[in-house]
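Just so you know, these numbers come straight off a predicted model, no measurement behind them.
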Amino acid sequence: MDIELEEQAAADAAASLVEDGMVVGLGTGSTVSHLLRALAHRALSLRCVATSPRTEEAARLLGLAVEPFGTVDRLDLAIDGADQITPDGWLVKGGGAAHTREKLVAISAERFVVIGDSRKPVSQLHGPIPLELLEFGLGSTLRRLGTVRLRDVPRSPDGGVIADFTGDVGDPAALAEVLSGTPGVIEHGLFAPAMVTMALVARGTEVETLLFA
């Protein structure tokens, strides 16, 4: 299994969905790196929004036009990777600690397309679930969340503390509700199926399309 080959195949399939003149949200991660190169190669006239400084820098170096999120009214399409993808469309995202921005971009797009290699599909979600936490009252938040591990990584671009929920996921909808309702949690890495239009999962050089919303 050549993971880089699969990432490239999924990225190429997603890039083929992009049309000239679109406003496109760009995710974060290794698969998105392949996407950026594929989009640059197509030389379309695009307006792009990046979910992380790393993606923004890489996109600009390739000649893609990146704007602040606040300058666009709507996104035609957002494309991003995922850490886990279930058959019914639940995702875990945030391995790269950009899940708050990624969720904001995904929910703002007409279509949200997820790309991944053959390791990403799972029968059911499992931990760790990425979290972004407020610095203020951090100890109190951690006690209320219970099984959480702080990551030894820099803060998010917006100053949040990055952590992972390591307990049982169980019903992802119920866990998402608990995490969203916990004061001190800025955002979590559970993405509901209603947000996801499709997933493009590469297995070797073949790309499977999974439709959700």
Side-chain angles (χ1 to χ4, degrees), residues 25-33 36 48-60 66-72 75 78-86 90-109 112 114-116 119-120 122 124-196:
L26 304 173
T28 298
S30 61
T31 313
V32 171
S33 297
L36 299 180
C48 299
V49 171
T51 55
S52 69
R54 183 168 73 251
T55 295
E56 180 174 355
E57 180 181 8
R60 290 188 188 279
V66 181
E67 302 179 21
F69 192 14
T71 65
V72 301
L75 300 172
I79 305 172
D80 204 350
D83 303 315
Q84 300 176 46
I85 306 168
T86 68
W90 275 97
L91 309 178
V92 171
K93 291 180 47 54
H99 48 285
T100 298
R101 290 189 177 196
E102 290 171 342
K103 189 172 285 188
L104 281 167
V105 167
I107 200 68
S108 302
F112 176 40
V114 178
I115 52 179
R119 301 171 300 174
K120 303 308 173 66
V122 295
Q124 59 185 36
L125 300 184
H126 57 80
I129 306 298
L131 302 172
E132 184 171 348
L133 307 175
L134 195 66
E135 165 79 29
F136 183 81
L138 180 60
S140 171
T141 303
L142 292 174
R143 285 192 296 274
R144 283 179 284 111
L145 287 171
T147 51
V148 173
R149 178 182 63 243
L150 293 177
R151 283 196 215 172
D152 184 17
V153 297
R155 301 291 180 87
S156 77
D158 305 296
V161 176
I162 304 301
D164 292 289
F165 176 83
T166 57
D168 291 334
V169 173
D171 178 359
L175 178 59
E177 184 176 0
V178 169
L179 295 175
S180 294
T182 301
V185 175
I186 298 171
E187 193 52 83
H188 56 78
L190 291 168
F191 283 54
M195 298 178 62
V196 188

Which heavy-atom pair separates [X] from [Y] by the least distance, and what is that distance?
X	Y	result
Ala82	Lys120	O-NZ, 3.1 Å
Gly95	Pro130	N-CG, 4.1 Å
Ser180	His188	OG-NE2, 2.9 Å
Gly25	Val105	CA-CG1, 3.8 Å
Leu36	Ala58	CD1-CB, 3.7 Å
Gly27	Val32	O-CG1, 3.4 Å

What is the distance from atom [atom1] of [X] to atom [atom2] of [Y], rounded to the nearest 0.5 Å?
X	Y	atom1	atom2	value
Lys103	Leu91	NZ	CG	9.5 Å
Arg143	Leu138	CZ	CG	9.5 Å
Leu190	Leu131	CG	CG	8.5 Å
Ile79	Phe112	CD1	CZ	10.0 Å
Asp168	Leu175	CG	CG	10.0 Å
Thr166	Leu145	OG1	CG	10.5 Å

>> Set out, in order, the CA-CA distance, both residues' side-chain angles and the distance that settles side-chain contact (heavy atoms from CB on, under 4.5 Å) for Leu75 and Phe69, then state yes or no.
In response: CA-CA 10 Å; Leu75 300 172; Phe69 192 14; 4.1 Å; yes
Taking the side chain as every heavy atom from C-beta outward, state whether [X] and [Y] have any atom pair closer than 4.5 Å.
X	Y	value
Ser140	Arg144	yes
Ile85	Val122	no
Lys93	Thr28	no
Thr141	Leu134	no
Thr51	Leu26	no

>> side-chain contact (heavy atoms from CB on, under 4.5 Å) for Ile162 and Glu132? Distances and angles first, verdict last.
In response: CA-CA 5 Å; Ile162 304 301; Glu132 184 171 348; 4.2 Å; yes
>> Taking side-chain contact (heavy atoms from CB on, under 4.5 Å) as the criterion, tell me which of Leu125, Thr86, Ile129 meets it with Pro172.
In response: Leu125
> Just wondering, more than 12 heavy atoms not from Glu67 lying within 6.0 Å of its CD?
Replying inline: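 For Glu67, atom CD is crowded (more than 12 foreign heavy atoms under 6.0 Å).
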Donor-acceptor pair, side chain of [X] and main chain of [Y], under 3.5 angstrom:
X	Y	result
Thr55	Ser52	no
Gln84	His126	yes
Asp83	Gly94	yes

